[in-house]
Each structure stands twice: as C-alpha cells, then as structure tokens.
Amino acid sequence: MNPELLSKKLARAQQRVGILERMIEEKTRELFIANEGLRELIDYQQELQHVIPGALLVVERDQQRIETINESARKLLGVDPDASLEKQDARHYFPAFDDFVEAQEAPGASRHPRETHWHTADGREVPVLVSVRLLPPRAETPAKVVLVGVDLTERKRLEAELRQAQKLESIGQLSAGIAHEINTPMQFIGDNVSFLESAFADLLRVVDAYEAIRLHRGERKAMRDELKEAVEEADLDYLRERAPRAFERTVAGVARVAKIVRGMKVFAHPKDEQSAIDIQDAIETTLTVAHHEYRYVADLETQFTPHLRVVGYAGDLNQVLLNLVVNAAHSMKDRKAKGKLTISTRADNDVVVIAIADTGTGIPEEIQHRIFDPFFTTKEVGRGTGQGLTLAHKVITELHGGRLSFTSKVGEGTTFFIHLPMAGAARGAA
Amino acid sequence: MKGIVFNLLESFVCEGWGEDVYEEILDRCPLHTQEPFVGPGTYPDADLVSIASATAKHLGLSLPDALRAFGAYCLPHLVGSVPDLVGDMDTPEKLLLAVDGVIHVEVRKLFPKAHPPQFAVRINPDRTLHLEYRSERKLCAFLEGLFDGLGDHFDRDIRAEKHACMHDGSDHCAYTLQVSARAVESKAPTASAGAGLG
Ligand code: HEM
Ligand SMILES: Nc1ncnc2c1ncn2[C@@H]1O[C@H](COP(=O)(O)OP(=O)(O)O)[C@@H](O)[C@H]1O
Ligand SMILES: [Mg+2]
C-alpha cells in the first residue's frame with residue numbers, strides 16, 4: 001500500500017475514533033438522563049403503590065408468586081409490615097386467583113371488577129372487589145398479573161343495615177294494618193271470654209245449689225226453688241249449644257293472633273345464616289303479615305307445588321315476597337274493581353319459580369327500566385320510598401344467585417317472577 | 001441509511017478490488033457527508049447511491065448488478081452480526097419469515113433512527129414463499145443479492161421469480177421464492193460457516 005494511501009486511511013481511522021468517542025459520550029449522557037427518569041418513575045410508582053387506597057398485588061402469572069404488595073394489601077390481609085410476602089403463593093390469599101386470570105385471558109373478557117373473597121393471614125375471609133390486568137411477558141420478565149382489591153366489609157355491613165332498615169320501614173308501614181288484623185280476633189276473643197265468664201258464674205250458682213241439697217243445709221223447699229231458679233237462669237241448653245263454639249272461637253282467635261305475631265317475628269328477627277326454606281311456608285307467613293294490605297282490594301288464589309325448598313336467607317326472602325305482595329296490592333287499590341292476587345310456585349329443573357301476579361294498573365313502558373333503581377317510586381310519601389324492588393333485586397341475585405323479572409301490561413296487570421336455584425347461591429357470588 | 005451499510009460497502013470494494021480502488025471511487029463522489037462513516041451513524045441515502053453508482057461505473061457494471069453483488073456480500077455479515085437472534089434459524093425460510101417481525105424489529109432497537117424496509121412473507125400451499133418488499137429506497141436489486149447470499153449461506157438454491165416491481169410503478173415488489181437442495185459441487189452440505197464478521 002502506498003504511503004499516501006496509508007496516511008489517508010490512518011487519518012480517516014483517527015477521525016472515526018473521534019466520532020465514535022463523541023457518540024459514546026453522547027449515548028452515555030442520554031443513558032444517564034434516561035436512568036434518572038427511570039429512577040424518578042420508580043420512586044413515583046412506589047409512592048403511588050402505597051398511597052392508593054386499594055390493595056395492590058402484582059403476581060407472576062405462571063408461578064403465582066407475589067412480587068409486589070402495597071401497604072393497603074398488607075393491612076387487608078393482616079400481614080406484618082416486615083413479613084416478606086414476596087415469593088409466596090398468591091392463591092394462599094386469593095383462592096380464586098386462577099379463575100380470575102383465566103377469565104381475563106378469555107377473548108372479549110370484561111374489565112369490570114368482580115367480587116370474591118380473600119383470605120387473611122389468620123384465616124378470616126374478607127369480601128373484596130377485584131380488578132385484574134394482565135401484563136404480557138417481556139424479553140426479560142415473565143407475564144404478570146396486577147390485582148387491585150377493594151375491601152367490601154364496610155359496604156356489606158351498610159348494605160345489611162339498609163336491608164334491615166327497609167324491613168323496619170315496611171313493618172312500620174304495615175303496622176296499622178297489622179294492628180287491625182290483631183284487633184279483630186282480639187275483639188271476639190274478648191266477647192267470647194265475657195260470655196264464658198258469665199256462663200261460668202251461672203254454672204257455679206247451679207253447682208252451689210246442688211251442693212246445698214247434697215249437704216241437707218236449710219229448708220228443703222227453699223233449696224229446691226233456688227236450684228230451679230239457678231238452672232233456669234243458667235239456661236243450660238243454651239250453654240250446651242253456645243259454650244263449645246265460644247271456646248273454639250277463642251282458641252282460633254288466639255291462634256290467629258299468635259300466627260300474626262310469629263310472622264312479624266320472622267320479619268323483625270332475621271336470621272343471618274342460610275337455611276333450608278320451605279317456599280310455601282315463607283309465602284304463607286308473608287300473606288299473614290300482609291293480609292290487611294290485600295284483603296279488601298283483591299281475592300287471593302294460591303297454586304302451590306308442595307315441598308319446594310331452597311337454601312337461602314329466610315328473613316330476606318320473606319322481605320322480598322312482602323315487597324312484591326304489597327306492590328301488587330297497591331297497584332290493585334289504584335283500580336276500581338276488586339282485583340285478583342295469584343301466587344304460584346313450580347319447579348323448573350333445579351330452580352324454583354315463584355310467580356306473583358296482580359290485576360292492577362300495570363307498569364307503563366316508559367318507567368319499566370327504572371323500577372329497580374334505588375329510590376324510584378311513583379307513590380306518595382308514606383306509601384313508598386322506592387327501595388322495595390332495589391332490595392328485592394339485590395337479595396335475589398346477589399344473596400341467592402337467582403333472577404327477578406316481570407311482565408306487565410298497562411290496564412291488565414303485572415306478574416313478577418322470582419327464580420331461585422334450589423342449592424342456593426354458589427360460593428363467591430354472594 | 002445506517003453507517004454499517006456504508007462500511008459494508010467499503011469492505012465489499014476493498015476486499016474485491018483493493019483499497020486504492022475504493023479511495024479512487026470515494027474521491028470521485030460528491031458526498032453530502034464530509035466525515036468518515038461510522039457504523040452507528042446515519043447518513044443520507046443519496047450518499048450510498050452515489051458511492052454505489054461510482055462503484056458500478058468503475059467496475060463496468062450496471063447499478064442493479066452492482067447492488068445485487070453487494071447484497072450477496074452483505075448477507076453473511078449481517079447474519080453474523082446478530083448471532084443470538086438468528087441462532088436457531090437454520091433455513092432460509094425461517095430467516096425470511098422472521099425478517100420483518102423479529103430481525104428488523106431488533107435492528108431498530110440496536111440502531112436508533114434505522115428505517116429498515118417492510119416485508120410481508122407467507123408460505124404458499126406448494127411450500128414456496130410469497131414475499132412482498134416495500135421501501136421508499138426501492139432497493140430490490142440489493143434485496144435480490146441478499147437472496148443469493150442467503151442461498152450461499154445455507155447452501156441451498158434459491159430461485160426468485162419476480163411478479164411486481166416498484167420501479168414499474170407498483171407500490172411493492174413481489175417474489176415467489178423456491179428454496180431447494182443444492183445439487184452438486186457443494187463441498188460441505190451443512191456448511192454455514194464463514195458467516196461471521198469476526
Ligand atoms: C439477519 C440479520 C439482518 C440484519 C442485522 C439486518 C440489518 C439491516 C440494517 C441495519 C439495515 C439498514 C436500515 C437503515 O439504515 O435504515 C438493513 C436494510 C435492509 N435489509 Fe436487513 N438485516 C438483516 C437481514 C435481512 C434479510 C434476511 C433481508 C431480506 C431478505 C433484509 C433486507 C434488507 C433490505 C432490502 C434493506 C435495505 C433498506 C431498504 O430497502 O429500505 N435484511 N438491514
Ligand atoms: N305490581 C306492580 N304494579 C304496578 N307498578 C308497580 C308494581 N310493582 C312496582 N311498581 C312500580 O315500581 C315502583 C317501585 O317499586 P318499589 O321499588 O317497590 O318502590 P315503592 O313501592 O316504594 O314505590 C313503584 O312505585 C311502582 O310505580
Ligand atoms: Mg314497594
């Protein structure tokens with residue numbers, strides 16, 4: 001190679017080194033700035049993690065290992081601030097983890113948060129509303145799942161309180177009717193007892209007269225006269241005819257009152273546990289309590305399929321039935337002619353279907369989509385607060401995994417259908 | 001165009017025809033770029049065309065023929081520069097199917113400001129490949145050279161049949177590529193050696 005060429009090449013090589021050095025410097029500066037930015041982002045992200053009120057878990061998708069947990073999550077799950085949860089199996093705290101992830105991976109998956117239960121370190125169950133996002137695998141990191149859980153304990157408590165309040169409200173509204181329902185039997189119990197009281201006094205007089213004769217006390221003639229008068233006064237034939245009936249009616253009246261009181265008790269003291277509920281029983285209890293509401297506006301017809309049972313919350317179900325019966329009664333009160341309230345039950349595979357049909361005003365189409373909304377009512381103050389159907393819907397769908405629907409035609413009437421799975425709500429849906 | 005391509009062009013000429021030839025060509029080229037090219041740099045496409053044209057003239061070739069020879073020269077060097085990426089791509093088909101979605105994607109990370117072309121490649125029912133090439137640079141001659149280089153690299157015959165060309169007004173160049181075993185004169189059937197830059 002000739003020297004001229006060589007020196008030209010050498011000069012170019014040196015120039016290249018210079019350019020490359022400049023480039024490296026430039027890149028180094030860029031890297032530094034980028035790193036600063038990243039560090040800032042990490043700080044920010046870490047602050048954010050701990051400041052959000054939701055419980056944040058980042059979990060490795062395939063290994064189900066917890067990678068990140070924020071303070072809210074620690075508090076919710078009841079784990080020590082210094083206990084290392086990292087690398088622990090997320091399913092230990094979140095049993096339905098796989099379920100939730102698979103649901104997210106399904107095409108067209110909903111991004112809406114779903115309710116479930118998390119398990120705390122000391123084994124308690126906490127109701128939570130969980131949002132899930134999937135982070136796809138990166139060149140250097142595996143796929144991850146970001147979970148944000150919101151503690152529903154307080155909300156559940158408030159909801160239960162609201163349910164209870166609504167119950168008390170409707171009992172309050174029914175109280176005048178119930179007082180009347182109790183008053184009628186009480187009145188004839190009272191009448192019958194007075195009758196029996198005087199009959200008892202008359203009979204005692206007869207008995208006393210016989211007793212005097214038996215013991216030969218006093219003048220014979222006078223004793224006979226007294227006995228005769230006592231027997232006449234007592235009108236034994238009349239007593240023989242009337243007394244058993246008076247006893248019967250008294251016993252029946254007492255039984256009726258007792259039934260109403262028992263019905264009230266079911267409403268006032270709801271058990272908060274699931275049990276096997278006899279559907280016919282529940283409906284009859286409701287009809288007892290609501291008797292005064294419909295008796296003057298409708299004739300009742302029931303078509304029961306016997307022995308239908310569901311697992312559920314008795315107090316809450318009664319409340320739903322009551323709300324629907326009272327609504328039906330109200331709608332028929334608003335029409336002139338006496339209506340008909342038809343309640344039927346049937347089994348459809350593993351589902352119990354209760355139909356409550358009225359011949360009332362019907363629900364105008366333009367408000368049909370609003371009747372389940374909280375506080376939606378078309379009734380005047382004192383007659384409705386618009387919470388009955390909201391509560392009914394919640395109880396049927398959320399507590400019992402069932403369905404509440406209706407068909408309605410203005411001027412003809414409305415039928416509400418309650419669908420209840422016999423086995424009760426699946427775990428986790430409640 | 002990235003400096004790595006300019007450097008490849010320089011070594012293509014130097015290795016084939018000598019350093020002084022390259023200097024002569026360079027001296028004769030009116031270039032936008034005054035400083036020497038370095039791999040990570042980005043330079044006007046016109047400079048590459050200008051050097052390539054001067055080279056073609058010097059060698060008494062048409063520009064497409066020169067570009068094609070240059071493409072064939074480049075391929076093993078390009079493949080050799082990213083061993084981690086192409087490690088398990090052991091046939092021309094695999095490499096071609098990966099150019100757009102993997103290789104050039106990685107190139108864009110490695111060389112900021114790179115504008116690699118776009119490829120759409122799919123397998124026809126008869127196992128041939130259908131390839132579409134789109135680039136404002138319209139370097140289909142260079143591309144055909146890359147096909148030649150691919151054949152040599154994997155010791156296969158690659159027959160490229162062209163259906164459309166951007167130089168004839170189409171918005172892309174289209175090829176049917178048939179890859180087959182190389183019949184005779186192959187010294188080492190599995191040889192993919194000699195690929196690396198270093
Ligand atoms: C295997 C490793 C490969 C590497 C590292 C690589 C890298 C590059 C780089 C850096 C450029 C320059 C882009 C720019 O400056 O904007 C380029 C251009 C190009 N590459 Fe690749 N490439 C590879 C494989 C391939 C293959 C297999 C093909 C096609 C068969 C291909 C076709 C092209 C073409 C045609 C251009 C010219 C630019 C244009 O047409 O716009 N490359 N490549
Ligand atoms: N059986 C029914 N017939 C006609 N309208 C009904 C019936 N049931 C419910 N509605 C309508 O739905 C509204 C909401 O009912 P609900 O939630 O029970 O609240 P409220 O009874 O306190 O108004 C009622 O105000 C009424 O307009
Ligand atoms: Mg109501």
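Labels below follow one simple rule: chain letters A, B, ... track the order of the sequence lines, proteins then strands, and each chain is numbered from 1. Since the model is a prediction, treat every value here as computed from it, not as a measurement.
Counting non-hydrogen atoms of other residues, nucleotides and ligands closer than 6.0 Å to NE2 of B/H167 gives a total above 12. Under a cut-off of 6.0 angstrom, the local environment of CG in A/D350 is sparse, with at most 12 non-hydrogen atoms contributed by other residues, nucleotides or ligands. Within a 6.0 Å radius of CZ in A/R157, more than 12 heavy atoms belonging to other residues, nucleotides or ligands are found. Within a 6.0 Å sphere centred on CD of A/E40, heavy atoms belonging to other residues, nucleotides or ligands number 12 at most. Within a 6.0 Å radius of CD in A/E4, other residues, nucleotides and ligands contribute 12 heavy atoms or fewer. Atom NE2 of A/H119 has more than 12 heavy atoms from other residues, nucleotides or ligands within 6.0 Å. More than 12 heavy-atom neighbours from other residues, nucleotides or ligands sit within 6.0 angstrom of CZ on B/R137. Within a 6.0 Å sphere centred on NZ of B/K162, heavy atoms belonging to other residues, nucleotides or ligands number more than 12.
For residues 17-25 of chain A, a heavy-atom distance under 4.5 Å to chain B picks out A/I19, A/L20, A/R22, A/M23, given by residue number. The stretch residues 39-54 of chain B places B/P40, B/G41 near chain A, each with some heavy atom under 4.5 Å from a heavy atom of that chain.
Across A/R16 and B/F37, no two heavy atoms sit closer than the pair NE-O, 2.7 Å.
Note: A/Q15 CD to B/Q34 CD = 10.0 Å, rounded to the nearest 0.5 Å. Rounding to the nearest 0.5 Å places CG of B/L26 at 7.5 Å from NZ of A/K8.
A 4.5 Å side-chain heavy-atom check between B/E23 and A/R12 finds at least one atom pair inside the cut-off.
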